[in-house]
Amino acid sequence: MLGRCKKGKEDDEDDHDESAKQVKKDWFEEEKPCRFYDGSKTPLQSSSVYSKEQPLIYFEAYFYPDWSDKLRPKISAQQSDAMSLWLKKKKEWDKANGDFRDDQWSKFSESIGNKPIQESDPPVRGEQLRRFPCLGRNPLTTWEVPLMAFISPIIIPETWSFPATLLHWVHCLNFDFPTSQARLGLIPEGKGWNSTEFFLQRRKGTPQDHSVLLCSLLRGCKKDAYVCKGTISMPGKGMEGQKLVEHVWVMTREDGWVTFWETCTRQMYHMKGRCKKTSNKETKKPRMKSRRGRRRGKKGADGDPEEADAGPDEEEEVLSDEDDKNEEKQAEIQWEEEVEDARVSIDDMVSLPTIGRMPKPKTRADGKDKKKGRDALLEANKTSRDKSVVAPNKDLLGENNTVTWLPYDSIEVVFNGENCWANRQNHHPACITYDFSDSGEEAEREVPPKNGRKGSEVQATKKQRKWEPLLKKDEEQLKQQVQPIAPNVSIQRALMPTIVESLRRELIIEIKQNIELHRSKQGVDVQWEVQSEALEKQIGAFLTIHEAWLYIDPDYSKVKDLKKEMDAADVSEVKGTPVEKQRKGFIYNILKPKTWNKHGSPYFESTESYRSYVANQERQWDSLCSKIDEFILGLDNFPTRRGKNFNGVPCHFNTSEHESIRQYLSKCPEFEKFINLQDEDVIFTVEC
């Protein structure tokens, strides 16, 4: 444990050494055989500090013999109790989710909702699961903690808080999948979740790491943000076909809108009417009623002293729904001792004295359209299916609120920094609502009338929860133990221009060497274009336009209007000046705008709440248009060789690591097409 063993010095005074009293050594001073690693001249990578030379580190690693498997670190009694409580809570959580699956989804054997919630014992290869996680593992202490502990608000400047800017910034962090998650499509239990501090220092992580970071940033911006865990369909290998893969994304709620933030594709999906509006003023206009007789310094009609400050003449107040109902009931009852109208029923008619044949009321015969046998059973099953709690919400399947553009197949768990909820509705995220405040308390229900008489009995029925919370209202002890793993997370400042320039040059050299090596293996030489200032300026302007386009929201009104105009009109029918026509053609043909939210966006519907974001998009759009106009004007002097055509492909990377960029380029079909050209009369150029 102290390093290399020191060689003892040969001394002639052996008798003196033997007679000397031997000192007892501690456990870490005892010499034991172990493995050794020499880490001399190990290069340091992924550092934010600029250096002209490759930084190196010198170290030695000794692998001490492993301890026994039965050895466990000592933990306090309080920590042990907390771990046991969370593990017990997880067992209850899994049991409740399994019971719900057996009760509600057993009728739909082929549905996603009927997938197993846990792995089989022994595990089955290729088994598709629908799991409901609630715990993760703290990477520092390796203890089981709730998923809420990974969320902690992060304060950022206002310029970064705009939706398009924030989503693009999180998307620029590199994606990295563990081997087990990439092979099985399942998030590793415990080790699959990391804190935001660890993710920012590493600068690469899984989609769940990106989602946890984005949720923390949104909560720092005072947004009602949540992390969602669900599944998506991915093509399988060989004969597997489509398989379900676990995926994580972010959700926000505001003014009746629910927005899904996808960090992998940098897209936002807006759904209207999926939650209750936070403000009642916009949804319902109050009815006004004036009352007289309230004077300053006098009590109100009901003798309430709080009404002494009423206005001198008249005062208008808002009547609630309960007041309206009370007034309707009072209008129906004119006096207290009102007797209900007498009605003659069929039983009363039968009991009357008759002579001869007793008259009977006419009865309707069974029609020919009445279904019997198997058809009746199918109709009953269909009715039962439509009334099931897991049936799609029909109110969300109208023309104005139907959503068909979500890439997700199911949603299981939603959590934030306070609680975690399990889905108790339909498995598809577009067919359910997201109101987590719905309780499961008993609600009174009036019994249906019998024999034409009004029923007076009241029966209590339990209301089904749409989202089952992990922590109930009475579990204050567990709520107090939910503490963020990284409560104070700071965002590092941007890299210095000198570092960025150094990375840019190194990347150009790396890509050139890869192209030369690839073409040399095919027996083809590489000719490089002599770099000129005009060529670098024009290509740099083209890349700058693509970078500026990433900050434009696809739901911005001018983007939608341009796409709608270009889709419907021919090239000759485009309106505007020649410069505007060229600009529209550039945006439509080169940048290729795409829109998917057919019902609009909450960021442009309510301009009062997002006035600053709309103004930011206007500035971004004006800046983009000016850059496009400048680029088009420079095309007349573009330095192209005689008899040559200039073709290229722009690529955006979310990392500066050479190995990752090399892998991304190998999967780009346009890049592969260029480097595999067998013609030697091809001139290459690389710009970054």
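Residue numbers run from 1 in the order of the sequence given. Nothing here was measured: the structure is a model prediction, and the numbers come from that model.
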Taking ring pair (Phe, Tyr, Trp, His ring centres under 6.0 Å) as the criterion, tell me which of W596, W249, W405, Y269 meets it with F260.
W249
Verify the distance criterion only: is there a donor paired with an acceptor across the side chains of H247 and E262 at less than 3.5 Å?
yes
side-chain hydrogen bond (donor to acceptor under 3.5 Å, both in side chains) partners of residues 169-185, not counting sequence neighbours, each pair once
N174-Y664, D176-R202, Q181-Q208
With the threshold set at 4.0 Å, does a side-chain nitrogen-carboxylate oxygen contact exist between K673 and E670?
no
Between the side chains of D553 and Y613, is a donor N or O closer than 3.5 angstrom to an acceptor N or O?
yes
Go through the side-chain N and O atoms of Q522 and S520 and say whether any donor and acceptor fall under 3.5 Å apart.
no
Can you list everything that forms a side-chain hydrogen bond (donor to acceptor under 3.5 Å, both in side chains) with K584? Sequence neighbours excluded, please.
E565
Could you list the donor-acceptor pairs under 3.5 angstrom formed by side chains in residues 625-633, with sequence neighbours left out?
residue	atom	partner	partner atom	Å
S626	OG	D622	O	3.4
S626	OG	S623	O	2.7
D629	OD1	R583	NE	3.2
D629	OD2	R583	NH2	3.1

Does any donor atom in the side chain of T196 or S216 lie under 3.5 Å from an acceptor atom in the other side chain?
no
Could you pull out all residues at least two apart from F674 that satisfy ring-ring contact (aromatic ring centres under 6.0 Å, His included)?
none
Can you list everything that forms a side-chain hydrogen bond (donor to acceptor under 3.5 Å, both in side chains) with W528? Sequence neighbours excluded, please.
E516
Taking only residues two or more places apart in sequence, or in another chain, which ones meet S195 in a side-chain hydrogen bond (donor to acceptor under 3.5 Å, both in side chains)?
none
Check whether the side chains of H427 and D409 place a donor and an acceptor atom closer than 3.5 Å, and report yes or no.
no
If you round to the nearest 0.5 Å, how far is OG1 of T640 from CZ of R642?
12.5 Å
